[in-house]
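Data first, discussion second: the structure below is written as structure tokens.
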Amino acid sequence: MGFRVPAIRQASFTAGQAASKSVKVPKGYLAVYVGEKQKRFAIPISYLNQPSFQGLLSQAEEEFGYDHPMGGLTIPCSEDVFHHITSLLIGQ
């Protein structure tokens with residue numbers, strides 16, 4: 001339809017930017033924190049409607065409830081799992 005979701009690598013923040021909370025999230029994206037090191041990523045909000053991503057949201061709710069100390073949504077999975085799931089969502 002002409003709408004293209006950018007790849008997660010393009011949407012992710014670099015490690016230097018991840019340390020700074022002053023980095024703004026682009027319109028239409030959501031900041032999430034993933035993995036042991038709580039790496040920050042910006043994901044398209046359209047991912048929130050996808051069943052595979054909703055599984056991650058359910059895990060986050062079970063582990064953290066609605067209290068996310070990082071200020072953004074904390075996803076309790078490894079970066080590898082996160083990359084795998086989001087790679088399946090690119091182009092959907």
Side-chain angles (χ1 to χ4, degrees):
M1 286 204 257
F3 179 78
R4 195 173 138 237
V5 178
I8 190 68
R9 295 192 195 285
Q10 294 171 348
S12 68
F13 292 98
T14 64
Q17 291 174 316
S20 172
K21 289 188 178 184
S22 64
V23 176
K24 293 185 179 181
V25 178
K27 187 175 182 174
Y29 287 75
L30 171 72
V32 296
Y33 296 88
V34 179
E36 284 185 27
K37 296 181 182 179
Q38 297 294 293
K39 187 171 179 181
R40 183 178 178 184
F41 294 90
I43 60 163
I45 58 172
S46 62
Y47 284 9
L48 299 176
N49 290 327
Q50 300 299 320
S52 57
F53 200 82
Q54 287 178 358
L56 292 177
L57 295 176
S58 293
Q59 288 178 6
E61 181 183 8
E62 286 176 21
E63 186 162 330
F64 302 110
Y66 294 103
D67 180 30
H68 295 272
M70 295 295 290
L73 182 61
T74 304
I75 305 290
C77 70
S78 69
E79 286 184 45
D80 290 338
V81 169
F82 179 78
H83 283 293
H84 175 73
I85 290 173
T86 55
S87 70
L88 299 173
L89 299 176
I90 295 172
Q92 287 189 6

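What you see is a predicted model; the values in this text were computed from it and never measured.
Considering all non-hydrogen atoms of both residues, T74 and Q38 come closest at CG2-OE1, 3.2 Å. Between P76 and E63 the shortest heavy-atom distance is CB-OE1, 3.2 Å.
The 12-atom threshold is exceeded at CG of L48, counting heavy atoms of other residues, nucleotides or ligands nearer than 6.0 Å.
Residues forming a side-chain contact (heavy atoms from CB on, under 4.5 Å) with E79 (at least two apart in sequence, or on another chain): V34, K39, F41, H83.
Atom OH of Y33 is separated from atom CD1 of I75 by 12.0 Å, given to the nearest 0.5 angstrom. Atom OH of Y47 sits about 4.5 Å away from atom CD1 of I90, to the nearest 0.5 Å.
Side-chain contact between L57 and L73 is present, with heavy atoms from C-beta onward closer than 4.5 Å. Under the 4.5 Å side-chain criterion, counting only non-hydrogen atoms from C-beta, L88 is not in contact with S52.
Using the six-membered ring where Trp is involved, F53 and F82 have ring planes that are perpendicular, over 60° apart on the 30 and 60° scheme.
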